[in-house]
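Report on the structure given below.
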Amino acid sequence: MALTRIQPPAIADVREPNFRNIIINGDMQVSQRGTSFASNGYTLDRFTMDESTDGAVTVTQDTDVPAGYGFASSLKVDCTTADGTIAAAQYCGFTQNIEGQNLQYLKYGTSSAQTLTLSFWVKSVKTGTYCVRFVKEAGSGTRYECPIEYTISSASTWEKKTITLTPTAGSTSLITAANGAIVNSNASGFRVFFALAVGSNFQATNNTWVAGSDKLGTSNQVNFLDSTSNNFWITGVQLEAGSVATDFEVETFGQNLQRCQRYYEKSYNYADPPATTGSGGSNGLQFGGATANIDATVLMSVRKRAAPTLTVYDLAGTSNKASYYTGSWSNGGSLGGSRAKETYVHVDTNISSSSIVAWQYTAAAEL
Amino acid sequence: MAIYSGGGVIIMITSVKKQYNSTNNEFDGYEMVKNGITSTVPLDPDNTDYQAIQEWAKIEGNNITDNGA
């Protein structure tokens with residue numbers, strides 16, 4: 001539920017959801033997996049890094065934020081290995097996918113499709129033209145994409161950017177025709193990709209909807225990876241219906257975390273990333289029984305988008321193992337099986353020598 | 001092997017094995033090793049790891065191991 005409504009909706013016929021901001025964790029406050037990520041995949045909650053160049057980047061949750069606007073965290077991308085020339089099939093950027101059933105009020109696929117406005121704060125060592133790529137996922141129809149340029153004018157200075165995405169961008173009618181509909185399910189229906197480098201295979205015309213796939217930006221996109229001095233920060237990401245960028249929608253940390261947990265949850269303390277080690281059974285879910293090979297079921301905090309991928313860790317941080325007690329704690333105990341549904345996690349241990357076991361888990365139902 | 005999923009994620013799957021329920025011996029998921037971490041993937045078409053496994057298995061040289069129940 002929104003805490004405060006700052007301004008009225010930009011368009012009277014927009015049926016606003018409880019959350020005005022379509023982006024989850026736009027203030028970069030929630031990061032359940034840790035605070036530094038050198039590999040592709042999920043980073044801060046709901047944001048994936050996708051780097052495919054000869055360079056390398058590291059994503060961190062950072063405290064550098066625009067002063068005076070109430071933000072506490074940003075997502076920082078640090079170029080750690082440079083790639084001065086982006087080949088045709090190379091690219092780099094980060095993404096948030098959005099569940100289709102949350103977006104039906106946008107009326108995509110009809111002549112009443114809504115304009116969207118994306119606003120965010122950004123700071124970069126490297127100035128120039130950057131792109132945001134919007135994707136209407138295929139669902140049972142066709143995927144449409146629209147890259148839109150924005151400019152970072154001053155090096156290492158926070159700037160607020162606003163981008164308007166119209167359903168007829170480039171004088172097209174792809175989104176307003178039936179195939180422009182967003183899938184009404186728990187699958188990804190829409191995607192926002194912040195480009196950092198785009199090879200020529202992935203370039204398209206600015207601000208124009210196009211059918212097909214992987215149009216990540218335009219030919220004007222700078223190569224953020226051309227120097228290890230390059231850093232990029234972003235926070236306050238908000239995507240909303242209408243043509244006006246309203247003030248960032250403030251949520252409590254608990255609300256934000258709960259929305260993120262529909263896609264990812266862990267049994268660890270919030271501050272402990274997955275595979276954090278714990279001493280004895282004091283830092284894990286502990287189960288005892290009169291017999292060996294203990295089975296246990298745990299109800300998760302939030303129902304997942306779909307049955308999640310389950311990873312079980314022993315207290316030494318080894319996956320697919322459990323810890324067990326036989327006078328003292330040991331690690332590396334075998335699992336007899338594990339599975340997860342939308343609401344619960346079930347783990348069978350296969351440790352005949354112990355009647356107390358302990359383990360941690362992560363459950364991922366990302367888009 | 002790196003796979004561009006189309007969903008924006010590079011997926012590094014090294015092996016996949018069928019997992020059987022220890023109670024009723026039914027095939028109920030996959031044991032997947034990705035980025036060196038072993039996880040259980042449900043037989044849910046809405047799960048993106050399940051989708052990635054189907055794509056991974058189409059690539060020549062990749063096989064889902066089946067050791068039976």
Side-chain angles (χ1 to χ4, degrees), chain A residues 39-42 48-52 89 91 93-97 133 135 137-138 143 185-188 191-193 213-214 216 263 274-275 293 295 304-313 318-321 335-342 345-348 350 361-367, chain B:
Chain A
S39 304
N40 277 322
Y42 271 90
T48 54
M49 171 51 72
D50 202 348
E51 182 276 316
S52 179
Y91 59 90
F94 56 94
T95 303
Q96 181 163 137
N97 290 345
R133 165 213 192 194
V135 180
E137 304 279 17
R143 185 201 288 187
S185 75
N186 61 351
S188 180
R191 200 186 318 169
V192 181
F193 175 87
S213 59
D214 302 333
L216 310 180
Y263 307 94
N293 301 333
D295 299 356
K304 295 292 163 288
R305 179 191 66 84
T309 297
L310 172 65
T311 307
V312 177
Y313 295 91
T318 303
S319 64
N320 206 33
K321 298 292 182 184
L335 302 186
S338 58
R339 57 187 177 275
K341 302 294 184 183
E342 292 177 11
V345 166
H346 182 87
V347 175
D348 300 343
N350 189 19
Y361 74 86
T362 64
E366 296 285 4
L367 288 163
Chain B
M1 177 174 292
I3 301 172
Y4 181 65
S5 70
V9 181
I10 296 289
I11 298 165
M12 301 292 287
I13 297 175
T14 24
S15 69
V16 179
K17 185 169 71 176
K18 284 189 174 181
Q19 177 179 282
Y20 291 86
N21 187 303
S22 57
T23 304
N24 57 22
N25 293 332
E26 286 184 0
F27 168 47
D28 70 350
Y30 294 108
E31 185 180 293
M32 172 187 70
V33 180
K34 182 174 83 171
N35 295 329
I37 296 172
T38 305
S39 304
T40 300
V41 178
L43 302 179
D44 184 345
D46 291 330
N47 181 293
T48 50
D49 285 318
Y50 174 88
Q51 296 166 11
I53 287 171
Q54 308 313 308
E55 294 304 311
W56 176 86
K58 291 176 185 174
I59 297 171
E60 191 175 347
N62 292 341
N63 294 301
I64 296 173
T65 304
D66 187 354
N67 293 331

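Just so it is clear: chains get the letters A, B, ... in the order the sequence lines come, proteins before strands, and each one is counted from 1. A quick note: this is a predicted structure, and the numbers were derived from the prediction, not measured.
- Atom CD1 in B/Ile37 sits 11.5 Å away from atom CG in A/Asn320 (nearest 0.5 Å).
- Neither the backbone nor the side chain of A/Ser188 comes within contact range of chain B; no heavy atoms are under 4.5 Å apart.
- Between atom CD of residue B/Glu31 and atom CG of residue A/Leu310 there is a gap of 11.5 Å, rounded to the nearest 0.5 Å.
- At least one donor-acceptor pair under 3.5 Å links the side chain of B/Gln19 to the backbone N or O of A/Ser338.
- With a 4.5 angstrom heavy-atom cutoff, A/Phe94 does not touch chain B via any of its atoms.
- Atoms OG and OH, from B/Ser39 and A/Tyr361 in turn, are 14.0 Å apart once rounded to the nearest 0.5 Å.
- Both the backbone and the side chain of A/Ala307 come within less than 4.5 Å of a heavy atom in chain B.
- A/Ala364 touches chain B through its backbone: at least one of N, CA, C or O sits under 4.5 Å from a heavy atom, while the side chain does not.
- When all heavy atoms of B/Thr48 and A/Leu367 are compared, the pair lying nearest together is CG2-C, 3.5 Å.
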Please report the C-alpha distance between B/Asn21 and A/Arg339 in whole Å, then the side-chain angles of each, then the deciding distance to 0.1 Å, and finally whether the side-chain contact (heavy atoms from CB on, under 4.5 Å) criterion is met. CA-CA 9 Å; B/Asn21 187 303; A/Arg339 57 187 177 275; 3.5 Å; yes
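- Within the 4.5 Å cutoff, the side chain of A/Thr309 has heavy atoms near those of the B/Asn47 side chain.
- Counting only heavy atoms from C-beta outward, the side chains of B/Asp44 and A/Lys341 never approach each other to under 4.5 Å.
- Most heavy-atom pairs under 4.5 Å with chain A, from the set B/Val33, B/Thr38, B/Asp28: that is B/Thr38.
- Looking at A/Pro274, neither its backbone nor its side chain comes within 4.5 Å of chain B, counting heavy atoms on both sides.
- Heavy-atom pairs under 4.5 Å with chain B were tallied for A/Asn186, A/Asp348, A/Thr318; the largest tally goes to A/Asn186.
- Minimum interatomic distance between A/Ala340 and B/Pro42 (heavy atoms only, all atoms of both residues): O-CB, 4.3 Å.
- Annotation: the span from B/Met12 atom CE to A/Asn40 atom CG amounts to 9.0 Å, rounded to 0.5 Å.
- In this structure, A/Arg305 and B/Asp46 approach most closely via the heavy-atom pair NH2-O, 2.7 Å.
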